[in-house]
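Okay, so here's the structure we're looking at.
Counting convention: from 1, in listed order, for ligands and their atoms alike.
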Amino acid sequence: MANPNILQMGPYPEWDQSPLDAAFTMHRYYDAADQAALLAEVGPRILGIATRGELGATRAVIEACPNLEVIAVYGVGFDAVDIEACREKGIRVTNTPDVLTKDVADFGVAMMLGLARGIVPGQAWVEEGKWASTGMLDLTRRVWGGKVGILGLGRIGFEVGRRLAGFDMDIAYSDVAAKDYAPDWTFMPDAKALAAHSDYLFVTLAASAATRHIVNADVIEAVGPEGMIINISRASNIDEDALIAALQNGKLGRAALDVFDGEPNIDKRFLDLPNVMLQPHQASGTVETRKDMGKLMRDNLAAHFAGQDLLTPVV
Ligand code: 8YV
C-alpha cells in the first residue's frame, strides 16, 4: 500500500522529518510558494495533517482535504485546530500531552525568577561594561515566600505549583473545581480574587473560546503595580491590549510572556516596555521534550493508519 499523504503545516527537526518522510508522503504546506495551489492539487489525496500547537489547522484547510481522517498536533494545545469542523466531519485529532509538562513548568518558573531578579538586565550590565564603569545594578525584589496564583491547575499548572512550593510560596489556584490532588493549596474559583491575592499570577489554562480574555483589564489590574503575570499558555487567554495598557500606565508591575497574539509578529508596543520578559514561544523547547513530542505525534499517526487506538486523542 502506498504511504498515506500528509499535509505538513510547519517544520520539524530532522529527527522527526526523516521518519515522517520514510513513513508518509509529506506535503510541506509551509514551504509552498503558492499554498492555495498546493491545496488544490493535493487536497483530495490528503489523509492526515501534521501540525504544531501554534499553527493548528483552519476550517478552510480542513475543507480543502475532503478525505482527511486525522490531525496530529505537535504540542499539547489544540486551540488552533478548528475542532468544530473536525467533529462535524468525523476527523480525529491528537496532541502531545504529558511529555512537555515539566519543561513548560520549568520555563515558566525561570521566566518569573529571571524577570523578578533582573537576570537579563544583569547580563547586559556586565557585557556593556557598566558594572565596572557605573557600579551595581538596582536592587530587585524577593521571590521566595511570595504569593502565587495559578490560573488553571491542569498538568502544567500543578507542576508550576510543585516547583514553587520549594520556594516556600503561598500557593492558590483557580479552576472549574477544587482539585483533590492539591489539598495544601488554596482554591479560589474567581479569577479576579485569585489575581488580587497574587504577587505572581501564572496563566496555565488550556485555551478555548470559553477562556478567551479570561485575564481581562479587571484581572490584570487586580494583580497590581507590584505584581507580575506569567503566561505560558496561549495569548488568547489574556486581553493583550489591556495588558499592554496596564504595563504602560503602571497598573500592572511586570509581565513574563512566552506567547503573543499574532506570533511571531508580536505587537511592537511590547518592545518599548522596560517591565517585560519576552520569549519566542519556547517553553517546551528542549531537545529531550521535543524528541518526545515528535515521537508521540508520529506514533499517533502510525496508530491511526494501522487501524489501532490513538495514543493521545482529543477528538
Ligand atoms: C510548542 C505548544 O511550542 O504544546 C503546545 O501547545 O504550543 C508548544 O509546546 C509548539 O506546539 C511547537 O510548535
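Heavy atoms of other residues, nucleotides or ligands lying less than 6.0 angstrom from CG of Asp309 number 12 at most.
Among all protein heavy atoms, the one lying closest to atom 11 (O) of ligand 1 is Tyr74 O, 2.7 Å. Nearest protein neighbour of atom 4 (O) of ligand 1, counting heavy atoms only, is Val76 N, 2.7 Å. Closest to atom 2 (C) of ligand 1, if we only count protein heavy atoms, is His281 NE2, 3.5 Å. Of the protein's heavy atoms, Ser284 OG, 2.8 Å lies nearest to atom 9 (O) of ligand 1.
Between the Asn3 side chain and the Ala22 main chain, a donor and an acceptor come within less than 3.5 Å of each other.
Nearest-heavy-atom check against atom 3 (O) of ligand 1 across Arg290, Met297, Met293, Arg234 picks out Arg290.
Per-residue contacts place Leu100 under 4.0 angstrom from the following atoms of ligand 1 (heavy atoms of the residue considered): 4 (O), 9 (O). Every atom of ligand 1 is numbered from 1 in the order shown, and the set under 4.0 Å from a heavy atom of Glu54 is 10 (C), 11 (O), 12 (C), 13 (O).
In this structure, Phe270 and Phe260 have perpendicular ring planes: the angle between them is above 60°, well past the 30° mark. Ring orientation note: the planes of Tyr12 and Tyr74 are nearly perpendicular, at an angle over 60° on the 30°/60° scale.
Between Leu296 and Pro97, the closest side-chain pair of non-hydrogen atoms falls below 4.5 Å.
In this structure, Asp82 does not pair ionically with Lys89, as no charged nitrogen and carboxylate oxygen lie closer than 4.0 Å.
In terms of polar-atom proximity, defined here as any N/O pair under 3.5 Å, Gly77 does make such a contact with ligand 1.
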